[in-house]
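Each chain gets a letter, A, B and so on, in the order the sequences are listed, and its residues count up from 1.
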There are 2 protein chains.
Amino acid sequence: MTNTGQNNWAENVEAALREHGLRLTAQRLAIAQAFFEGEGHPNADELYARVKVRNPAIGQATVYRTLRLLQEVGLASSSTFGTSASRFEASDGEHHDHLVCTQCDLIVEFVNPTIEQLQDDIAATHGFVLTSHRMELYGLCTSCQKG
Amino acid sequence: MTNTGQNNWAENVEAALREHGLRLTAQRLAIAQAFFEGEGHPNADELYARVKVRNPAIGQATVYRTLRLLQEVGLASSSTFGTSASRFEASDGEHHDHLVCTQCDLIVEFVNPTIEQLQDDIAATHGFVLTSHRMELYGLCTSCQKG
DNA sequence: GTAGATGCAAATAGTTTGCAGCAAT
DNA sequence: ATTGCTGCAAACTATTTGCATCTAC
C-alpha cells in the first residue's frame, strides 16, 4: 500500500518498539518518518538520502538496522523486485502483490483473493504450512509500451 | 523442472551457442553438464564445487559467466528464493512456480494454469504487457513441521 | 547507572570485471 | 590469424558487524 502521509505511523512505531522492549530514538523516528511519509518503494540508499536531508548526522548503518527492525516488528517488508538492491514498503496487514515495469521501475500493487486461495490450496496439496509468499509480475507498463 | 540426467542438454547447449555465435569450449560443456545432469537448484558456489570435482582448473568467474550465458540464451533461470545467493534451474519452456521450505531449503515445483490465467488478466487490467513472473510460496515442508 | 543504540570504518558475501595468455573457429 | 574465452586477482555492490561513544530509560 502506498503511504498516504496523514496517518498514524508514529503511534504504530512507538507501540511496536515499546512492545519489543526497544528504545524510541530520534534516529529511528526520523528514519520511520522518511519511510512512512515518503512515496514508493525505496531501497536503503534512497531512504538514506531522504533521511540525510533533514538529519545529516544519521549513519547508513542505522538506516539498514532500522529497516531490518521495522521488518521484524511487522511494519515493513521487502523484495528485490528483480534488481540487485532490496526495496522496502510499509506493511498494513492487507497482503498484496506487485506488477513491476522492467523499464521505468514503476511498481503497481494489486490484491487478488482468488490467487491467495489457490496458493493455500497448493500449499495444502504439498503438505506445506505457509508463512509468506511473494508474487511479482514483470513486464512493460502502458507508457513504456509506447516508447 | 528437475533435471533427469538422460537427456539432450548437450545438443541444446551446442545449438544455442552456435545460434548466438558463441564458442563451444570444454569449460562451458563441463559446467553445463554439472548443471543439467545435477539435481536441485544449486547456487553458483555449489555448482562451482560440483564442476571442480572433475575439472579442478575451472575458475569461479567462468561458472558465473556460463550461468549468465545459459540464462541469456533461455536454457536456465534463477531466483534468490528469499536467501542471499541466487539459485539456478534448467528452463524447459514449461513455466512453473515454487514452494520453498524456509527451514531445510527444500524446493518443490508446481504448475497451476488457473493462476497463470489470473496473472494475465491482472496484467491486462493494469495495461501491462507481461514478460515474466515469479511466484514463491514460503513455509514449512511436511518433515520440518514435525521437528 | 546501565543496557541498548549510534556512527564510523572495516569486514563480509555475492558477483563482476580488467587483463594477459590461451584456444576455438 | 583472429576473436572470443579463461583464470586469476582485484574491484565492486549491497549489507552487516566490531567497537568506542553516547543516550533513552
Side-chain angles (χ1 to χ4, degrees), chain A residues 10 13-35 41-52 54-73 76-88 105, chain B residues 10 13-35 41-52 54-73 76-88 105:
Chain A
V13 169
E14 192 176 341
L17 291 175
R18 198 179 305 278
E19 184 179 349
H20 290 258
L22 299 166
R23 291 183 182 171
L24 185 60
T25 66
Q27 290 93 331
R28 284 174 179 172
L29 274 181
I31 293 165
Q33 178 174 40
F35 179 59
H41 296 73
N43 61 29
D45 255 13
E46 288 164 358
L47 185 61
Y48 179 47
R50 279 190 208 165
V51 168
K52 288 236 285 197
R54 290 157 140 261
N55 301 68
I58 288 186
Q60 199 172 19
T62 302
V63 173
Y64 275 103
R65 285 189 272 235
T66 302
L67 281 170
R68 180 166 29 170
L69 186 159
L70 290 174
Q71 291 186 271
E72 284 166 357
V73 303
S77 64
S78 70
S79 172
T80 64
F81 295 114
T83 60
S84 48
S86 291
R87 296 193 161 274
F88 299 82
D105 287 333
Chain B
V13 169
E14 191 177 342
L17 291 175
R18 196 179 305 277
E19 184 179 347
H20 289 258
L22 300 166
R23 292 182 181 172
L24 184 59
T25 66
Q27 290 92 331
R28 284 174 178 173
L29 272 182
I31 293 165
Q33 179 175 40
F35 179 59
H41 297 72
N43 61 30
D45 256 13
E46 289 164 356
L47 186 61
Y48 180 45
R50 279 189 207 167
V51 167
K52 286 234 287 196
R54 289 159 140 262
N55 300 69
I58 288 185
Q60 199 171 20
T62 302
V63 172
Y64 275 103
R65 284 190 273 234
T66 302
L67 280 170
R68 177 167 28 168
L69 186 160
L70 290 174
Q71 290 185 272
E72 285 168 356
V73 302
S77 65
S78 70
S79 173
T80 64
F81 296 113
T83 59
S84 47
S86 291
R87 295 193 163 275
F88 299 82
D105 287 334

Are the charged groups of B:Glu46 and B:Arg50 less than 4.0 angstrom apart, N to O? no

Looking only at heavy atoms, the pair that brings B:Ala44 and B:Phe88 closest together is N-CE1, 4.1 Å

Under 4.5 Å between any side-chain heavy atoms of A:Val51 and A:Gln27, yes or no? no

Ignoring hydrogens and angles, tell me if any N or O in the side chain of A:Thr66 forms a donor-acceptor pair with the backbone of A:Val63 under 3.5 Å. no

Which of the following nucleotides, C:dA5, C:dA9, C:dT15, is nearest to the side chain of B:Ala85? C:dT15

Can you check the B:Asp45 CG to C:dA13 P distance for me, whole Å? 11 Å

Between A:Leu29 and A:Glu14, is any pair of side-chain heavy atoms under 4.5 Å apart? no

Please give me the minimum heavy-atom distance between A:Val13 and A:Ala32, naming the atom from each residue. CG2-CB, 4.0 Å

Contact residues, residues 62-73 of chain B to DNA chain C [heavy atom, < 4.0 Å]: B:Tyr64, B:Arg65, B:Arg68

B:Leu17 and B:Leu69, any side-chain heavy atoms less than 4.5 Å apart: yes

Using a 3.5 Å distance criterion without hydrogens, assess whether the side chain of B:Arg28 forms a donor-acceptor pair with backbone atoms of B:Arg23. yes

5' to 3', nucleotides 20-25 of chain C under a 4.0 Å protein heavy-atom cut-off (B base, S sugar-phosphate only, - none) gives ---BBS

Does a side-chain heavy-atom distance below 4.5 Å link A:Gln33 with A:Arg54? yes

Here the pair of heavy atoms bringing A:Ile58 nearest to A:Tyr48 is O-CE1, 3.4 Å

Would you mind reading off the distance between B:Gln60 atom CD and C:dG14 atom P, rounded to a whole angstrom? 10 Å

Positional range of nucleotides in DNA chain D within the contact set of chain A, heavy-atom, under 4.0 Å: D:dA14 to D:dC25

